[in-house]
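Worksheet: the structure to be examined is printed underneath.
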2 protein chains.
Amino acid sequence: MVVRLGRRLIAMEEPILADHGISMWAYVALSGLEDGPTRTQAALASAIGADKTRLIPVLDDLQRRGLITREADPADRRVRLLGMTPAGRKLHAAVRADIRAAEEALLASAAEKDRAAFLAVLEALDQGR
Amino acid sequence: MVVRLGRRLIAMEEPILADHGISMWAYVALSGLEDGPTRTQAALASAIGADKTRLIPVLDDLQRRGLITREADPADRRVRLLGMTPAGRKLHAAVRADIRAAEEALLASAAEKDRAAFLAVLEALDQGR
DNA sequence: GTAGACCGTAGGCACATGCATACGATTCAA
DNA sequence: TTGAATCGTATGCATGTGCCTACGGTCTAC
């Protein structure tokens with residue numbers, strides 16, 4: 001049941017992401033960067049459950065488009081610190097708003113009082129990390 | 001967030017399925033057969049969101065192990081009707097019980113009153129199909 | 001009677017993913 | 001100082017998946 005639900009949610013997100021011209025992993029990476037302080041690539045990969053090697057082209061593209069910054073860390077020359085640009089923040093907010101709206105429509109079939117609970121449980125599970 | 005949750009749930013299910021010696025798709029197929037009347041392979045594939053061609057070896061294995069039946073439909077000689085055997089039912093029930101228990105443990109971090117609501121919303125979304 | 005659609009089956013192709021390896025550069029601990 | 005670990009980067013391998021094609025057999029509609 002959960003697998004099927006997950007697939008539906010992903011299928012729902014795909015056209016939204018395409019409209020905004022970004023991939024799912026790009027969106028997830030932006031979300032990860034927004035959630036916390038400036039991060040190393042390894043930390044971001046770990047935080048969003050991505051393979052660090054597969055994340056490279058994603059980050060390359062985001063950087064190329066001016067959505068993230070990627071700067072050497074003076075405290076550790078092996079590391080590149082990632083940050084979001086204002087343009088990145090703006091795009092991310094727009095995508096998230098659209099996705100939220102679509103999720104709301106999907107949840108319309110559920111009782112209204114259950115929705116907040118559903119989201120609360122999702123959050124709790126997510127925090128449990 | 002949902003993608004991550006889905007991955008966690010799948011990661012949780014994997015050892016349980018391995019303990020019982022069946023694959024995820026086998027379990028999903030058994031669930032699909034249990035949910036409804038005897039089905040054609042095409043209908044089952046559609047119902048569980050599987051690729052019909054990829055389902056063939058799964059069904060082959062289930063049949064070999066005596067967990068499902070697969071019989072010609074006298075009304076349409078192209079078709080093979082699938083059914084569950086008692087052994088299949090038994091295995092499926094055991095796996096499901098274990099998965100439910102593990103899900104309960106996972107949900108333990110959420111407020112108790114929210115759990116029923118969470119499951120209710122999941123069901124509603126699933127019925128929405 | 002015929003053409004098109006469907007069933008189950010087998011296999012191919014392109015792509016994504018998890019995991020691994022390897023590298024140069026850097027850092028850290030002994 | 002040295003060896004091991006880590007970072008980011010690039011690539012390979014095995015596997016899984018979505019989609020497709022093709023086939024023989026069967027069914028349906030005209």
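Here is the naming used below: chain letters follow the sequence lines, and residue numbers restart at 1 for every chain.
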B:His92/B:Met84 under side-chain contact (heavy atoms from CB on, under 4.5 Å): CA gap, chis, key distance, verdict: CA-CA 10 Å; B:His92 181 258; B:Met84 274 177 103; 3.9 Å; yes
Nearest atoms (heavy-atom pairs only) where B:Ile48 meets B:Gly32: CG2-CA, 3.9 Å
Side-chain donor or acceptor of B:Thr69 paired with backbone N/O of B:Leu82 under 3.5 Å: no
A:Asp60/A:Arg70 ion pair, N-O < 4.0 Å: yes
Interatomic distance, A:Leu44 CG vs D:dT9 P [rounded to whole Å]: 12 Å
Spacing between A:Leu55 atom CG and C:dA16 atom P, to the nearest angstrom: 15 Å
Exercise: identify the closest heavy-atom pair between B:Ala29 and B:Leu62: CB-CD1, 4.2 Å
Nucleotide D:dA14, atom C1' - distance to CG of A:Asp51 in whole Å: 14 Å
Which atoms of nucleotides 6-9 of chain C (N or O only) lie under 3.5 Å from a protein N or O atom, and what are those distances?
residue : atom : partner : partner atom : Å
C:dC6   : O4'  : B:Arg78 : NH1          : 3.4
C:dC6   : O2   : B:Arg78 : NH1          : 2.7
C:dG8   : OP1  : B:Gln41 : N            : 2.8
C:dG8   : OP2  : B:Ala42 : N            : 2.8
C:dT9   : OP1  : B:Arg80 : NE           : 3.3
C:dT9   : OP1  : B:Arg80 : NH2          : 2.2
C:dT9   : OP2  : B:Gln41 : OE1          : 3.4
C:dT9   : OP2  : B:Gln41 : NE2          : 2.5
C:dT9   : OP2  : B:Arg70 : NH2          : 3.0

Side-chain ion pair, B:Asp73 and B:Arg77, N-O less than 4.0 Å: no
C:dA16 phosphate, OP1 or OP2, under 4.0 Å from A:Trp25 side-chain N/O: no
Nearest-angstrom distance from the residue atom CD of B:Glu14 to C1' of D:dT15: 13 Å
Spacing of A:Arg77 atom CZ relative to C:dG24 atom P, expressed in whole Å: 17 Å
